[in-house]
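Each chain gets a letter, A, B and so on, in the order the sequences are listed, and its residues count up from 1.
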There are 2 protein chains.
Amino acid sequence: MTGQLQAALAVSTVIFTLRPDPASDLSTLWLPLVRRTREPHLGQWALPGGDLPADEELAAAAARTLRETTGLTPKYLEQLYTFGDPGRSPGGRVVSVVYWALVETGEAALAVVDENVQWFPADRLPPLAFDHNRIVEYALWRLRTKVEYSRIAHAFLGETFTLAQLRDVHEAVLQKALDPANFRRTIESSGTVVDTGQRVAGVPHRPPRLYRYNDSVNATDLGPFGPAIG
Amino acid sequence: MTGQLQAALAVSTVIFTLRPDPASDLSTLWLPLVRRTREPHLGQWALPGGDLPADEELAAAAARTLRETTGLTPKYLEQLYTFGDPGRSPGGRVVSVVYWALVETGEAALAVVDENVQWFPADRLPPLAFDHNRIVEYALWRLRTKVEYSRIAHAFLGETFTLAQLRDVHEAVLQKALDPANFRRTIESSGTVVDTGQRVAGVPHRPPRLYRYNDSVNATDLGPFGPAIG
DNA sequence: TCAGTAAAAGTCAATCTGACTCTAACTGGT
DNA sequence: ACCAGTTAGAGTCAGATTGACTTTTACTGA
């Protein structure tokens with residue numbers, strides 16, 4: 001018998017990963033959605049999330065609900081926006097604190113996929129429950145207009161990566177091709193990555209170097225709390 | 001008898017304006033604080049705000065509470081962050097959706113000032129109630145790292161303004177001196193302002209032109225809803 | 001051993017930026 | 001009436017940055 005005079009508090013998460021689009025064969029952004037198992041919007045696709053427990057931190061609740069519904073652990077998790085329009089949910093008012101997360105491509109492949117959890121390309125989504133289409137659009141905008149891509153790009157990749165892989169991430173996020181030589185020059189002079197000395201073996205061409213992310217630089221906007229996850 | 005199993009929802013606002021610092025005589029950022037009239041933190045300075053009414057939009061609640069406590073109407077209002085750490089408030093848990101606002105210098109001068117409402121320079125604040133010091137710090141960071149200053153700078157100024165006034169705003173926000181000639185060049189080529197044809201008369205030197213903000217360009221991040229106030 | 005391909009380095013011109021100089025236009029004091 | 005002081009606003013120049021492009025290096029597979 002919780003009083004419904006106050007708005008209910010919920011936490012949702014927009015999760016992005018990078019995978020090849022079967023249509024274009026280029027890397028594009030994908031996100032997992034879960035099917036609603038109760039009213040309102042029963043049966044419709046929606047962002048993973050849930051009610052906020054009385055004594056759980058907001059970011060922790062976001063991480064937990066997304067782990068429970070999709071089995072994913074994000075490398076990057078940041079608060080996106082709080083949606084509180086009265087009337088955005090049929091029934092009682094719900095204020096949703098929405099987070100956005102990035103997961104590695106490898107990690108994403110291990111995620112739960114079944115009748116009720118599926119991945120969709122971010123630019124070809126079905127009609128979602130509530131105002132979730134608008135939320136995803138805003139998350140995409142934030143991802144693409146982030147000034148600081150280095151940490152974002154890193155969150156999509158594993159511990160080590162080639163510059164071609166890194167460029168691929170940037171191209172997918174920015175939605176345009178980048179000159180390999182100029183990209184190399186920019187990244188190298190930025191100091192955000194470090195040469196590991198290793199090379200990839202067995203490729204049918206000149207073997208690329210492996211790089212590692214340089215932790216000692218840059219701080220993205222992770223909110224007022226500094227580095228959270230990642 | 002509202003159930004306290006759920007967290008309480010509140011809305012607060014960090015309000016900035018620009019005014020000369022009596023110490024340095026340069027323009028700096030100031031913000032109004034209100035004295036707490038009840039526990040917890042009775043008597044301490046805090047951000048204006050209040051509980052979220054059951055059916056009021058978040059931004060509307062921010063605008064209303066700040067009008068009621070300070071008498072101010074902001075030219076710019078944007079969601080900042082939602083703070084929900086359990087334990088950030090003694091007593092029951094409070095989740096605060098915090099907005100940040102900018103008001104014109106002229107408007108700010110008309111604001112209520114009394115025993116319980118006072119203006120402080122943003123970089124010399126007293127110890128505030130709750131986690132409000134940290135919130136202000138974050139708001140300052142967001143203000144200073146905004147890529148898009150044009151709209152922000154405009155929010156501090158009146159309808160028309162000189163380039164010197166505009167430069168003064170930029171200097172106060174960025175906390176460094178800017179070359180007048182280079183500033184002029186940058187602004188003119190950006191197209192964010194339009195020459196009104198008018199000039200300021202009666203100044204003891206060469207009379208500067210008056211400019212007007214060009215509405216037809218740029219959209220700051222005002223959240224997923226596009227232009228709200230201003 | 002050669003053809004194909006991608007990595008990685010290098011070149012060059014256009015643009016942008018910061019520091020600086022120079023001229024224009026006004027007022028207030030003598 | 002005019003000069004001193006001051007700010008507006010235009011112009012110059014060198015160094016850094018960026019995009020487009022070329023060249024060389026290093027591998028595999030036929």
Side-chain angles (χ1 to χ4, degrees), chain A residues 20 25-27 144-145 147-150 153 157-158 160-214 217-218, chain B residues 20 25-27 144-145 147-150 153 157-158 160-214 217-218:
Chain A
D25 211 49
L26 296 170
S27 290
R144 294 198 161 120
T145 55
V147 254
E148 230 270 58
Y149 285 112
S150 54
L157 300 169
T160 61
F161 46 86
T162 68
L163 282 189
Q165 289 177 311
L166 187 62
R167 177 162 47 86
D168 189 51
V169 174
H170 283 245
E171 287 181 341
V173 173
L174 296 172
Q175 292 183 291
K176 64 172 178 184
L178 300 173
D179 182 291
N182 294 337
F183 181 77
R184 167 179 307 277
R185 180 178 53 185
T186 314
I187 294 294
E188 276 176 349
S189 68
S190 76
T192 50
V193 299
V194 181
D195 191 344
T196 62
Q198 296 175 303
R199 285 163 174 275
V200 175
V203 290
H205 313 297
R206 176 169 176 172
R209 299 183 189 179
L210 280 172
Y211 290 84
R212 181 188 307 283
Y213 184 70
N214 182 359
V217 282
N218 310 354
Chain B
D25 212 50
L26 296 169
S27 289
R144 295 198 160 119
T145 56
V147 254
E148 229 270 59
Y149 285 113
S150 54
L157 299 169
T160 60
F161 46 87
T162 68
L163 284 190
Q165 287 177 312
L166 187 62
R167 177 162 46 86
D168 189 51
V169 174
H170 283 245
E171 287 181 342
V173 173
L174 296 171
Q175 292 183 292
K176 65 174 178 183
L178 299 173
D179 183 292
N182 294 339
F183 181 78
R184 167 180 307 276
R185 179 178 55 186
T186 316
I187 293 296
E188 275 177 348
S189 68
S190 75
T192 49
V193 299
V194 181
D195 190 345
T196 62
Q198 296 176 302
R199 285 165 174 274
V200 175
V203 288
H205 312 298
R206 176 171 173 172
R209 297 183 190 179
L210 280 171
Y211 290 85
R212 180 187 309 282
Y213 184 70
N214 182 359
V217 282
N218 309 355

K.L.:
For residues Thr192(B) and Tyr213(B), report the shortest heavy-atom separation together with the two atoms involved.
P.N.:
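Between these two residues, the closest heavy atoms are O-CD1, 3.6 Å.
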K.L.:
Rounded to whole Å, how long is the line connecting atom CD of Gln198(B) with atom P of dA8(D)?
P.N.:
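After rounding, the reported distance stands at 17 Å.
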K.L.:
State, to 0.1 Å, how close Thr196(A) and Leu210(A) come at their nearest heavy-atom pair, and which atoms those are.
P.N.:
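Between these two residues, the closest heavy atoms are OG1-O, 2.7 Å.
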K.L.:
Using ring pair (Phe, Tyr, Trp, His ring centres under 6.0 Å) as the criterion, list what pairs up with Phe183(A), not counting sequence neighbours.
P.N.:
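Counting only residues at least two positions away or on another chain, Phe183(A) forms a ring pair (Phe, Tyr, Trp, His ring centres under 6.0 Å) with His170(A).
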K.L.:
From CG of Leu178(A) over to P of dT17(D), roughly how many Å is that when rounded to an integer?
P.N.:
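To the nearest whole Å, that distance equals 19 Å.
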K.L.:
At their closest point, which heavy atom of Pro207(B) faces which heavy atom of Val200(B), and how far apart are they?
P.N.:
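In this case the closest contact between Pro207(B) and Val200(B) is CB-O, 2.9 Å.
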K.L.:
Polar pairs (N or O, both sides) under 3.5 Å between protein and nucleotides 1-3 of chain C?
P.N.:
none

K.L.:
For the atom pair CG (Asn182(A)) and CD1 (Ile187(A)), what is the distance rounded to the nearest 0.5 Å?
P.N.:
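Taking CG in Asn182(A) and CD1 in Ile187(A), the distance rounds to 11.5 Å.
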K.L.:
Quick one: list whatever passes salt bridge (Lys or Arg N to Asp or Glu O under 4.0 Å) with Arg212(A), sequence neighbours left out.
P.N.:
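Salt bridge (Lys or Arg N to Asp or Glu O under 4.0 Å) list for Arg212(A), sorted by chain: Glu159(A).
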K.L.:
Does any part of the side chain of Ser27(A), heavy atoms only, come nearer than 4.5 Å to the side chain of Glu171(A), both counted from C-beta?
P.N.:
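No, every pair of side-chain atoms sits at 4.5 Å or beyond.
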K.L.:
How many angstroms lie between CG in Leu163(A) and CG in Asp168(A), if you round to the nearest 0.5 Å?
P.N.:
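So the gap between those two atoms works out to 12.5 Å.
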K.L.:
So, taking the atom named OH in Tyr211(A) and the one named CD in Gln165(A), what distance separates them when rounded to the nearest 0.5 Å?
P.N.:
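Rounded to the nearest 0.5 Å, the OH-CD separation comes out at 12.5 Å.
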K.L.:
In the structure I gave you, are the side-chain heavy atoms of Val203(B) and Pro208(B) within less than 4.5 Å of one another anywhere?
P.N.:
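Heavy-atom side-chain distance check passes, below 4.5 Å.
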K.L.:
What string of B, S and - do you get for nucleotides 19-28 of chain D, 5' to 3', when a contact is any protein heavy atom under 4.0 Å?
P.N.:
BBB---BBBS
K.L.:
Who pairs with Arg209(A) by salt bridge (Lys or Arg N to Asp or Glu O under 4.0 Å), at least two apart in sequence or on another chain?
P.N.:
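For Arg209(A) the salt bridge (Lys or Arg N to Asp or Glu O under 4.0 Å) partners, ignoring immediate neighbours, are Asp195(A).
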K.L.:
Describe, as an angle rounded to 10 degrees, how the axis at the first end of the helix from dT1(C)-dA30(D) to dT30(C)-dA1(D) is tilted relative to the axis at the last end, five pairs per end.
P.N.:
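Inter-axis angle at the ends, rounded: 10°.
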K.L.:
Using whole Å, what does the distance between atom P of nucleotide dG9(D) and atom CG of Leu163(B) come to?
P.N.:
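Rounded to whole Å, this separation is 6 Å.
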K.L.:
Given dA9(C), is OP1 or OP2 found less than 4.0 Å from the side-chain N or O atoms of Arg209(A)?
P.N.:
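The answer is yes; a side-chain N or O of Arg209(A) sits under 4.0 Å from OP1 or OP2.
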K.L.:
What is the distance, to the nearest angstrom, from the CZ atom on Phe183(A) to the C1' atom on dA9(C)?
P.N.:
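From Phe183(A) CZ to dA9(C) C1': 17 Å.
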K.L.:
Return the value, rounded to whole Å, for the distance between atom CD1 of Ile187(A) and atom C1' of dT18(D).
P.N.:
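Those two atoms, CD1 and C1', are 14 Å apart.
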K.L.:
Starting at atom CD of Glu188(B), determine the distance to atom C1' of dA8(D), rounded to an integer number of angstrom.
P.N.:
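From Glu188(B) CD to dA8(D) C1': 11 Å.
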K.L.:
Would you kindly give the CG-to-P distance between Leu166(A) and dA8(C), to the nearest whole Å?
P.N.:
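Interatomic distance, CG of Leu166(A) to P of dA8(C): 12 Å.
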